[in-house]
Amino acid sequence: MNATEKASAIKGGEFLIRDTPAESIFIPEEWNEEQLMIAQTCTDFLAQNVVPNLNRIDEQEEGLMQHLMEEAGQLGLLSISIPEEYGGFGKDFKTSMLVTEKLGAGNSFSVAFSAHTGIGTLPILYYGTEEQKAKYIPKLASGEWKGCYCLTEPGAGSDANSGKSRARLSEDGKHYLITGQKMWITNAGFADVFTVFAKIDDDENLSAFIVEKGFEGLSLNTEEHKMGIKGSSTRQVFFNDCKVPVENLLSERQNGFKIAVNILNLGRIKLGGATLGAGKEIINYSVRYANEREQFGRPISKYGAIRYKIAQQVIRTYASESAIYRAGQNMEEATEHMIAEGMDPIKAKLKGTEQYAIEAAIIKVDASETLDYVVDEGVQIYGGMGYSAEAPMDRAYRDSRINRIFEGTNEINRMLTVDMMLKRAMKGELNLMGPAEKVAKELMSIPDFGAAEEETLFSKEKKYIANFKKAVLMVAGAAVQKLMMQLGKEQEVLMSLADMLIELYVAESLQLRVEKLVSMRGEQEAAIQLDIMRVFINDAAEKIMKSGKEALNAFAEGDERRMMMMGLRRYTKTEDINTTQARRNIAAKVIEENKYCF
Amino acid sequence: MKILVCISQVPDTSTKIILKDNDTAINSQGTTWVINPYDEWYALIRALELKETGVASDVHLVTVGKADVEPVIRKALALGGDEAIRIDADSNDPFQTASYIADYAKSVGYDLVLVGKESIDYNNGSVGTMLAELLDADYIGFANKIQIEGSNAVVTREIEGGEETDSAALPIVISCQKGVAEARIPNMRGIMAARTKPLKVVAPATIASVTEILSYELPPAKAGIKLVSPDDMDALVELLHSEAKVI
């Protein structure tokens with residue numbers, strides 16, 4: 001991509017008002033040989049070291065998780081995208097996403113891995129001084145030290161900046177003394193390095209500190225008993241005048257909240273990657289079981305009710321994946337662009353990620369809810385065995401649930417999606433007003449009945465997606481106009497708007513992926529993917545319609561409401577297709593291959 | 001000491017085999033290819049161990065195949081090894097394959113040639129023996145332990161009811177099975193290094209295939225289980241005779 005194209009690359013949130021050319025996105029069918037080899041290493045590692053030990057991991061056998069982390073470190077899996085000067089491999093963001101995806105199928109191990117490589121390591125890598133990075137990063141990269149991140153408190157979860165932990169300077173000015181209580185701290189039981197958030201004196205905002213396990217005044221509570229991810233260490237961490245050398249302040253005073261938010265942007269898309277990997281593995285289990293389990297003389301994979309479930313698992317997973325890697329590529333390109341313009345690589349990485357914070361929030365919600373759907377149907381396909389702790393679905397079902405809660409609950413992320421979109425519009429970074437007014441004008445005019453445009457393979461779907469954008473602009477525009485400053489308090493409306501944006505973004509990403517795939521392999525080779533796209537977009541239209549209706553009914557009245565309802569119907573209209581046949585085709589393919597094969 | 005490890009590309013065991021061209025060929029579209037496990041887990045890893053312990057100076061990998069086998073040979077390089085050689089030919093005839101490899105091996109002169117006990121696709125298990133003959137070297141098959149003592153290879157192999165230990169002078173060809181080494185997973189450093197390691201492509205010697213595959217046949221599909229009442233032994237005997245054809 002040259003400089004002019006870079007400048008015109010789609011900005012974060014701009015998908016609502018601008019089209020993306022299919023050839024510009026990255027699709028997972030483009031992984032190169034080296035990336036596939038790395039992915040295979042992850043798969044082999046799980047198969048040999050993690051999966052045979054899942055019960056022992058869940059029982060929190062002393063030292064086992066640390067040992068697995070160290071083994072992953074020896075393979076280089078903890079330092080994929082850490083710069084080479086700190087002992088890493090300096091790989092691009094997408095490759096690190098691929099590793100997260102592949103290891104995502106490792107249940108509690110995946111959580112320990114993600115927490116260590118993400119929130120446990122990145123705050124120091126991105127915000128640390130040279131001395132801090134030189135001291136901590138190589139050991140975190142190798143797995144010799146394990147990291148964790150202490151933000152949440154008993155009274156400060158979603159509202160993270162309201163934490164009560166305090167830090168004060170010691171009389172000799174050499175230490176900060178931190179006092180407070182942190183909870184739900186992943187990896188706390190075996191972590192050597194803790195990134196801790198606390199307010200200095202009466203500051204308005206949090207600051208961040210690097211705390212070592214051996215610092216005086218740090219203590220741990222016992223392990224929490226959790227619904228799932230039982231093998232992941234989760235503890236409360238207590239700080240009682242914990243003595244932290246002043247040079248361990250991370251970044252500037254009061255910059256902690258910004259660190260927390262920026263790290264979360266990355267964490268959200270990475271969570272998407274991890275849930276994707278888990279989902280694919282659940283589909284593998286589901287298909288294998290359906291092919292083996294016989295009832296009424298035939299494998300249950302022969303029955304339409306089961307085929308429908310398998311197809312839906314595949315459709316949602318494939319769609320979700322399309323969005324994850326599209327956004328991942330956007331972040332990577334934005335980062336490279338800023339580096340090329342002379343920005344410090346780490347700053348560029350943060351800026352590049354922040355630019356697509358809306359997409360990261362969308363992905364966090366979509367991918368975690370997709371996995372929950374996939375495991376729920378996985379349990380159902382397994383039938384009675386799905387409810388047995390002997391079969392893999394029991395653990396998968398319980399382990400999946402946390403993904404809708406951590407890295408910002410899905411409710412917080414839904415609100416953030418809309419909030420960030422509107423804030424960017426107000427700042428003039430996103431021109432939502434122009435397109436929204438255009439849609440409003442179009443509503444008043446006679447509908448365009450489509451003067452015979454030339455029909456191409458994707459013309460219908462492209463038209464539907466263009467219309468979905470109009471639907472979102474119409475409902476969101478009206479909500480802003482009607483509710484104005486009250487909109488932030490109308491959370492139900494915000495949820496509906498977010499749902500519309502999520503469906504739109506995923507549907508568009510899927511359409512672009514399949515379009516690019518067809519250009520690479522031809523229509524015949526992509527026949528199943530075309531079915532996936534058609535069914536997903538068909539269903540997305542109905543979901544966008546439903547969410548739009550709910551939002552409009554909350555604030556619009558009379559003729560205006562009637563007119564917008566008509567508009568909504570117009571913008572979510574799709575031609576009827578035989579979704580049953582399409583789902584049968586999709587299921588038949590994975591049933592024949594006996595695995596998720598896309 | 002120079003070691004040559006023979007690497008074969010085989011379909012992943014979960015691959016569904018589909019025949020084409022009137023059952024005279026295998027449709028390889030969509031096949032996932034892997035390194036033959038006996039070559040990878042045992043022969044290659046033992047060669048690497050011998051290098052790591054200073055016994056061997058060079059470990060070379062050789063495969064016979066067209067350009068599409070390169071991802072698999074690079075995966076082998078990611079595990080270790082100094083260079084790879086791809087003999088640019090397609091062959092599933094063991095004599096032809098062994099002759100190609102022998103022709104190249106003679107040009108370098110290896111002290112030890114390690115092969116897997118068989119490849120899991122055609123299961124001929126004969127390249128190693130043929131190679132030894134063509135190189136005029138000794139051969140020990142089905143090793144489960146290999147040590148190098150001076151200029152001898154000391155090899156333990158399973159025999160009926162126990163084990164035997166053989167000692168033979170180098171150069172030698174040894175076929176490897178379980179026990180020779182522990183499988184490893186390629187690490188990031190190895191994967192990245194594999195890109196820059198030499199992968200030489202050499203033209204095959206002119207050697208004709210001595211076998212021809214006339215046709216392939218898939219194993220019969222698994223039949224469903226038939227339940228026979230314990231009171232009806234005649235029905236069971238009839239089924240065993242006419243359907244299972246075992247009595």
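Everything numeric here is computed off the predicted structure, so don't read it as measured data. The figures here come from the full heavy-atom set of this structure, side chains too, leaving out hydrogens, waters and symmetry mates.
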- Task: Give a yes or no on whether B:Trp41 atom CH2 has more than 12 heavy-atom contacts from other residues, nucleotides or ligands under 6.0 Å away.
- Result: no
- Item | Residue A:Glu523 excluded, over 12 heavy atoms near CD under 6.0 Å | no
- Task: Heavy atoms only: give me the nearest B:Thr32-A:Lys595 pair and the separation to one decimal.
- Result: OG1-NZ, 4.2 Å
- Using non-hydrogen atoms and a 4.5 Å limit, figure out which bit of A:Glu33 sits close to chain B: side chain, backbone, both or neither. side chain
- Under a 4.5 Å cut-off applied to non-hydrogen side-chain atoms, are B:Gln29 and A:Glu525 in contact? yes
- Task: Please check if atom CG in B:Asn22 has more than 12 non-hydrogen atoms from other residues, nucleotides or ligands closer than 6.0 Å.
- Result: no
- Candidate pair B:Asn187 and A:Gln74, rule side chain to side chain contact (heavy atoms under 4.5 Å, CB included), full reasoning: CA-CA 7 Å; B:Asn187 61 29; A:Gln74 281 157 16; over 6 Å; no
- Task: Report, as yes or no, whether the 6.0 Å neighbourhood of atom NZ on A:Lys302 holds more than 12 heavy atoms from other residues, nucleotides or ligands.
- Result: no
- Query: Just wondering, are more than 12 heavy atoms of other shown residues or ligands nearer than 6.0 Å to NZ in B:Lys197?
  - Reply: yes
- Message: More than 12 heavy atoms of other residues, nucleotides or ligands under 6.0 Å from CZ of A:Arg298: yes or no?
- Response: yes
- Item | Atom pair CD1 (B:Ile185) and CG (A:Leu75), whose distance is rounded to the nearest 0.5 Å | 5.5 Å
- Message: With rounding to the nearest 0.5 angstrom, report the NZ to OG1 distance, B:Lys75 to A:Thr41.
- Response: 7.0 Å
- Derivation of the side chain to side chain contact (heavy atoms under 4.5 Å, CB included) call for B:Lys16 and A:Glu593: CA-CA 7 Å; B:Lys16 196 171 173 166; A:Glu593 297 281 337; 5.8 Å; no
- Message: Shorter than 4.5 Å, heavy atoms on both sides: which option in B:Pro186, B:Gly190, B:Ala78 has the most such pairs with chain A?
- Response: B:Pro186
- Any chance OH of B:Tyr38 has more than 12 other-residue heavy atoms, nucleotides or ligands included, within less than 6.0 Å? no
- Hey, does A:Ile80 have a side-chain heavy atom less than 4.5 Å from the side chain of B:Met188? yes
- Item | CD-CD distance between A:Gln48 and B:Glu182, expressed to the nearest 0.5 angstrom | 9.5 Å
- Task: Give, as side chain, backbone, both or neither, the part of A:Asn49 having an atom under 4.5 angstrom from any heavy atom of chain B.
- Result: side chain
- Task: Look up atom CZ in B:Arg74 and atom CE in A:Met37, then write down how far apart they are to the nearest 0.5 Å.
- Result: 6.5 Å
